[in-house]
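So the structure is just underneath, and the comments pick up after that.
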Amino acid sequence: MAFYQLLFQASRQGNYVVKSTALSFVNPDNKGQFVEPEIRFEADQLEDMRKLIVDTYKKIQQQDFYQGCGKPDCNWCRFAKENAVWADLSNRDEEALDDV
């Protein structure tokens, strides 16, 4: 929701200030009510999200997809390690890729 708040505020359609966000559930709760919890973000939370977006964009541009935390029980690190063969396809010729 913080991402969408920042996106909306940065819209070129106008100068918007978002005070809160809400989730709209498509299924009712146990009482038959459609709940819409309001979510408010503090300025420091939005700044953290902004930094995360910038950092993630830089990593995408650098094709930095194979980093992990290094913990032995981390699912992402295990996935990245097991699939490291795909980390660099630039050195393979097209014929070799056909066999994969």
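Given the structure is predicted, the values throughout are model-derived calculations rather than measurements.
Qualifying side-chain contact (heavy atoms from CB on, under 4.5 Å) partners for I53, counting only residues two or more places apart in sequence or in other chains: F3, L6, M49. Listed by chain and residue number, K31, Q33, V35 satisfy the side-chain contact (heavy atoms from CB on, under 4.5 Å) test with D29 (two or more places apart in sequence, or in another chain).
Within the model, atoms OG1 of T56 and CG of L52 stand 4.0 Å from one another, a figure rounded to the nearest 0.5 Å. Summarising the geometry, atom NZ belonging to K51 is positioned 9.5 Å from atom CG belonging to D44; distances are rounded to the nearest 0.5 Å.
Atom CD of E42 has 12 or fewer heavy atoms from other residues, nucleotides or ligands within 6.0 Å. Within 6.0 Å of atom OH in Y57, 12 or fewer heavy atoms from other residues, nucleotides or ligands are found, so the atom counts as exposed in its surroundings.
Of all heavy-atom pairs spanning Q45 and R40, the tightest one is OE1-O, 4.1 Å. Across every non-hydrogen atom of C77 and C69, the tightest pair is SG-N, 3.0 Å.
Between D55 and K59 there is a salt bridge, since at least one side-chain N of the basic residue sits less than 4.0 Å from a carboxylate O of the acidic one.
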Does R50 form a side chain to side chain contact (heavy atoms under 4.5 Å, CB included) with E47? I'd like the steps, not just the answer. CA-CA 5 Å; R50 187 177 288 108; E47 183 58 28; 2.8 Å; yes

Exercise answer: donor-acceptor pairs, residues 17-27 side-chain atoms, under 3.5 Å, sequence neighbours excluded:
residue : atom : partner : partner atom : Å
T21     : OG1  : I39     : O            : 3.0
S24     : OG   : E36     : OE2          : 3.4

